[in-house]
Number of protein chains: 2
Amino acid sequence: MREVAALAGVSLKTVSRVINAEPAVSDEVRSRVVGAIQRLDYRHDHAASSLRRSDRKTSTIGVLLEDVANPFSSALHREIEDVALRRGVLVLAGSSDEDEAREQQLIAAFTSRRVDGLIIVPASHDHSYLLSERRAGTSMVFVDRPPGFLDADSILTDNQAGTRQGVGHLIAHGHHRIGYLGDLMTITTATERYQGYEQELAAARIGLDPQLVRLNVHGIDKADAATVELLKLTEPPSALFTSQNLLTIGASRALHRLDLHHRIALVGFDDVLLGDLLEPGITVIAQDPSTMGRKAAEQLFRRIDGDQSASVHLVVPTRLITRGSGEIRR
Amino acid sequence: MREVAALAGVSLKTVSRVINAEPAVSDEVRSRVVGAIQRLDYRHDHAASSLRRSDRKTSTIGVLLEDVANPFSSALHREIEDVALRRGVLVLAGSSDEDEAREQQLIAAFTSRRVDGLIIVPASHDHSYLLSERRAGTSMVFVDRPPGFLDADSILTDNQAGTRQGVGHLIAHGHHRIGYLGDLMTITTATERYQGYEQELAAARIGLDPQLVRLNVHGIDKADAATVELLKLTEPPSALFTSQNLLTIGASRALHRLDLHHRIALVGFDDVLLGDLLEPGITVIAQDPSTMGRKAAEQLFRRIDGDQSASVHLVVPTRLITRGSGEIRR
DNA sequence: TTATAAGTTGATAACGTTGTCAATTGAGTC
DNA sequence: GACTCAATTGACAACGTTATCAACTTATAA
């Protein structure tokens, strides 16, 4: 910048004015400076700028996801990116892998780079460690799961209602023995979905058979194995409810291999790509990650822009998509 | 930091020494400083630090993908993240959407934040605009597609060989009229794959019927429509080769809807999740995005660490996965 | 003509940190 | 007791930028 100023024959401050498009610069000086910038191939240093600047904004946000490669996470990510880019804000993304330590490590890395805000799909349950961050002015929005011991904005899915609708759908098709595959119970959404299962069974006066329930099943392969176990029971289920996208895929894989996919009903929570082309198509309770991502980003930027109002808690509804697998009758 | 120094009764520089774990600090002073840091909840400012520091490293890299939500892209992204995080490096990610302007906008945003390096899946073909960046010390590695007018490291897939293997597989199953769906011809990989199609037909002495070729098909819906068109021809193809993951999904959708999925053979380039559960399963030429991401990140960090050797051009092989759709005979 | 205002421009300090180098202390050596 | 040396600590400048405020120029009004 010093060289640009020298070449254009002006002061540092004037170059700064041109770069920041401040009005008080004559056209003649401005064009001289612009010329010098191009001739010298000058690149503005965003970090130095935000260090000195009064608003201290880095125009960068941190996004903590479960796994950037998971379809639900990456749909969230993409929507956040689009909202952010419209404001010239860049996105630092990280995967927690449901590991509390990794969550904290990543968030510490984000905040030490002075991000303007955080969008968090939490893996841990105690976010009091973020209190001081917030006091320091970092905005934050939680997505998919609520914060623990911290009052902050959240954009959630209605997990209980969604699960109840899915399980109810199976009951309406004559099923009483409905197997359940649940993700790690440390995950809030997994707990809520399981509660939905319990409630819907109770509402239909169906006794809960613990043998039919497999909790803490994580990933495609474990779901595949758990499905095989369930179907080997002396009184196997006539239907399955799988409470997460990878579990749905695992269960579906097992059913196909055992050639039971036309006989055992299946409803999954969260949509799966290509679910419509299978035979039968997979009936799902679809979440809406794009809307969640957009709402989360919009809320974050409202906070960054200075909105101090009380915490917002938004619940995005789910949608039952019937494609065949959930309509198999007992 | 000033306050920490005051509370611990030492100078700024000593606090800096403690933070950077420099050896020349007595245990007694160190513990006083550590105590003050905790009492005051001090957060180190990474940006200010790297501004002053002699190595000028920000411990941040920029990753430009086609779309963070595309399965191929997000698998790359995840692998890069894992390599980076092991070094304490954070990842800024962005989606170009195959738009040259957006590519340049994102890369400019990355470099103005002084990233240590770039991993680029390019949308454009002239990267001479990056010359000055590289001269300024930014390392860069290209993935999936080569750089244009710039000598830089690249990690590519063998698109021609992969396509030839896939088309050859169809020919071996008796097909002569093989429809081809290609992505935007501005994308290097789309061009290479099409060349593979031409070459394999020529090698088998099969004339190329332009009616069977649909290029510049982008996204699931366009692929669906193009497939319908091909099958409506008076002399329709008996097999299809779809040269990208979304095109495979679109074609598969159309075949299922027309109930031709058991009669028309299909081989796709790039694997699709759940492709094994369809009836028939989808035969694909699988790429290996995880390996590509890992190799790209490792190469980038070698450059960041000062490796000045000649550009590396790595070609990751593809793998034919037979699942049924490609083995339908004419 | 002078006073006033509006529009430009620049000198300097500061953002939070680390590199350089000099100063101080204490122990060990002869 | 004087000397050397290593270990520890601090003063100050600097990284690339912008905020503040003062100074200068030109136009307008009285």
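In what follows, chains are A, B, ... by sequence order, proteins preceding strands, each numbered from 1. Since we're looking at a predicted model, the values are computed, not measured.
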From CA spacing to verdict: side chain to side chain contact (heavy atoms under 4.5 Å, CB included), A/Phe142, A/Asp153: CA-CA 6 Å; A/Phe142 286 74; A/Asp153 297 322; over 6 Å; no
Distance check needed: D/dG16 C1' versus A/Asp45 CG, whole Å only. 6 Å
Please determine if a side-chain N or O atom of B/Ser16 lies less than 4.0 Å away from the OP1 or OP2 oxygen of C/dT17. no
What nucleotide among D/dA19, C/dT9, C/dT17 has an atom nearest to a side-chain atom of A/Thr14? C/dT9
Take the protein atom CZ of B/Arg43 and the nucleotide atom P of C/dT17, then report the distance between them rounded to whole Å. 12 Å
Separation of D/dG10 C1' from B/Met1 CE (nearest whole Å): 12 Å
If the condition is side chain to side chain donor-acceptor pair (under 3.5 Å), which residues does B/Ser290 pass it with, not counting sequence neighbours? none
Taking B/Asp305 first and then B/Arg87, would you say they form a salt bridge - that is, a charged N and a carboxylate O separated by under 4.0 Å? yes
Under 3.5 Å, is there a donor-acceptor pair between the side chain of B/Asp116 and the main chain of B/Ser59? yes
Whole Å only: how far is the CD atom of A/Glu3 from the P atom of D/dT17? 11 Å
Between B/Arg145 and B/Asn159, is any side-chain donor less than 3.5 angstrom from a side-chain acceptor? no
Among D/dT17, C/dT9, C/dT18, find the nucleotide with the atom closest to the side chain of A/Val29. C/dT9
At a cut-off of 3.5 Å, list every protein nitrogen or oxygen paired with a nitrogen or oxygen from nucleotides 11-15 of chain C, distance to 0.1 Å.
{"unit_1": "C/dA14", "atom_1": "N3", "unit_2": "A/Arg52", "atom_2": "NE", "d": "2.3"}
{"unit_1": "C/dC15", "atom_1": "O2", "unit_2": "A/Arg52", "atom_2": "N", "d": "3.4"}

To the nearest Å, how far apart are A/Glu22 CD and C/dT9 C1'? 12 Å
In whole Å, I'd like the distance from the CZ atom of A/Arg113 to the P atom of C/dT17. 14 Å
Between A/Leu40 (CG) and D/dG16 (P), how many Å, whole number? 14 Å
Would you say the ring centroid of B/His125 lies under 6.0 angstrom from that of B/Phe149? no
Do A/Ser73 and A/Glu66 pair up side chain to side chain, a donor and an acceptor below 3.5 Å, judged on atom types alone? no
Would you tell me if any nitrogen or oxygen in the side chain of B/Ser50 comes within less than 4.0 Å of OP1 or OP2 on C/dT17? no
Rounded to whole angstrom units, what separation is found between the CG atom of A/Asn20 and the P atom of D/dT20? 14 Å
Under 4.0 Å, heavy atoms only, any strand: does A/Arg114 hit a base, just the sugar-phosphate, or nothing? nothing
Has B/His46 got a side-chain N or O lying under 4.0 Å from the OP1 or OP2 atom of C/dT18? no
